[in-house]
Amino acid sequence: MSRTLATAKRVLQQLSHDPRSVALIVVLPSLLLLLFRYVYDGSPAVFDRVGPQMLGIFPFIIMFLVTSVTMVRERTSGMLERLLTTPLRRGELIAGYGLAFGAAALLQSLVSSAMAIWWLELDVSSPSAVVILAVTDAVLGTALGLMMSAFAATEFQAVQFMPLVVIPQLLLCGLLAPRASMPEVLERVSDVLPLSYATDAFSDLGTGATSTGFLAADLGVLVGCSALALVGASLTLRRRTS
Amino acid sequence: MLNIPAVEVAALSVVRGGRSVLSDVTFSVPTGQIVGLLGPSGCGKSTLIRAVVGAQRIEAGDVRVLGEPAGSACTRRSVGYVTQASSVYPDLTVRQNLRYFASLSDADDEATEGALDEVGLRARADALVRDLSGGQRTRVSLAAALLGDPDVYLLDEPTVGLDPVLRRDLWKLFARLADDGRTILVSSHVMDEAGRCDRVLLMREGRIIADATPDELRRRTGQDDLEQAFLVLAEEVAA
């Protein structure tokens with residue numbers, strides 16, 4: 001446990017020496033949301049429908065990118081090899097990363113949700129549920145980023161996993177077209193993609209058609225997927241390599 | 001406990017990318033010795049050290065540290081590994097790096113301050129590692145290995161690029177650690193460093209071509225200079 005906390009602290013210390021990255025993490029989703037709001041200035045109904053979903057999707061994408069690149073750097077620099085020769089366990093390392101980026105995600109979500117709700121007057125039924133779901137989405141992005149970093153040999157490849165892992169989920173999650181209107185095969189695929197559940201939950205929050213039961217189920221799926229991806233990520237850390 | 005060698009390697013073979021990197025390597029290192037692993041660049045020194053750390057996938061053979069399989073949970077507590085490229089975080093300060101490594105091996109802040117003094121970096125403790133010179137980074141990396149007070153040090157070319165004064169100081173530190181009963185397996189491609197070791201393993205093309213004390217090497221080859229002694233031995237093997 002103490003090694004997990006030490007790892008989280010180390011990751012945050014690294015971030016703190018990189019103010020530009022901190023600024024990007026904290027304000028980028030808010031800026032994108034602002035842009036989105038004024039692109040649809042003429043049809044506020046679109047912003048009201050899609051805005052809440054964006055609150056969940058931006059942190060997911062940003063955290064996926066930040067984490068996968070960070071982890072590839074750790075793998076290719078020889079740091080990972082050295083860390084794995086210390087008493088640090090693989091699960092402790094991954095949990096430390098999850099914790100640090102989860103904390104960054106909390107700050108990010110607080111800022112973007114606050115701006116969306118109070119400044120852009122986005123209508124959501126439960127602000128606290130928005131923050132909880134946004135953080136969960138960010139943790140999911142972190143977990144998938146940690147796992148996918150195992151398949152990237154360079155940072156260049158890691159960046160390109162973003163379109164590979166994220167864009168299909170964006171297309172299928174119900175953001176552009178309702179999932180029920182898709183061909184059955186695509187609907188089935190969207191059923192197993194975690195981002196679909198995030199989008200469902202945020203749509204419910206936006207329309208006010210919130211049933212606590214549905215929200216809790218969506219949240220449960222997201223937490224479960226994050227946990228699976230974190231376990232998968234720690235299994236990809238090989239102590240012995242060729 | 002005393003009769004268990006610190007490092008024991010038996011019939012070790014490693015293949016990387018279809019090429020044999022180590023073939024049938026056998027040696028053992030008793031506790032409290034400084035053993036130098038010498039040979040030209042590319043002869044398999046780093047791979048051998050990685051195998052002893054437990055980071056290298058091996059083809060055949062047995063590698064043990066203090067009687068336990070290399071890389072197992074209990075050996076990881078008793079091994080300090082310094083990689084060839086300094087593996088510390090460039091975007092942390094020297095002290096932040098050391099505190100992190102200290103917390104991984106349950107060492108305290110006092111150990112961090114002690115390690116800073118051992119490698120002579122107190123004046124740069126709050127500098128970011130990326131602002132340090134190559135030699136200073138190597139010393140941070142070495143300091144990180146000192147923190148857990150390990151029984152066995154596995155050091156891959158720790159003195160590359162250091163000025164002669166620092167090199168001498170580090171070898172004094174290694175000697176002090178060995179006097180305290182620590183074991184050191186250290187690689188180098190600089191032959192004059194062989195003279196500072198209790199024993200030398202000469203490597204060439206993935207094999208150990210000599211395992212002797214520096215004096216034995218000089219006697220056997222009739223050469224005072226260890227560089228010349230290596231040449232004589234390498235030619236003997238080739239012939």
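If you're wondering where the values come from, they're calculated on a predicted model, not measured in any experiment. Values below: all heavy atoms of this structure, side chains included; hydrogens, waters and symmetry mates excluded. Here is how names work: the chains are called A, B, and so on, in the same order as the sequence lines, proteins then strands, and each is numbered from 1.
Here A/E81 does not pair with A/R75 in a salt bridge; the nearest charged N to carboxylate O distance is not below 4.0 Å. Between B/D62 and B/R64 a salt bridge is recorded (basic side-chain N to carboxylate O distance below 4.0 Å). Using a 4.0 Å cut-off between a side-chain N of Lys or Arg and a carboxylate O of Asp or Glu, B/E118 and B/R176 qualify as a salt bridge.
Within the 4.5 angstrom heavy-atom criterion, atoms from both the backbone and the side chain of A/L88 approach chain B. Only the side chain of A/E74 has a heavy atom closer than 4.5 Å to any heavy atom of chain B. Contact of B/Y81 with chain A is made through backbone and side chain together, with heavy-atom distances under 4.5 Å. Looking at B/L154, there are no atoms closer than 4.5 Å to chain A (heavy atoms on both sides), in backbone or side chain. Of the atoms belonging to B/A144, heavy atoms from both backbone and side chain fall under 4.5 Å from chain A. With a 4.5 angstrom heavy-atom cutoff, B/N97 does not touch chain A via any of its atoms. For B/R77, the parts lying under 4.5 angstrom from a heavy atom of chain A are both the backbone and the side chain. For A/T7, the parts lying under 4.5 angstrom from a heavy atom of chain B are both the backbone and the side chain. For chain A, the nearby parts of B/V88 are the backbone and the side chain; heavy atoms of each come within less than 4.5 Å.
Using cut-offs of 30° and 60° for the angle between ring planes, the B/F174 and B/W171 rings count as perpendicular.
For B/R122 (side chain) and B/V119 (main-chain N/O), no donor-acceptor pair under 3.5 Å exists by modelled atom type.
Between A/P194 and A/Q169 the shortest side-chain heavy-atom distance falls below 4.5 Å.
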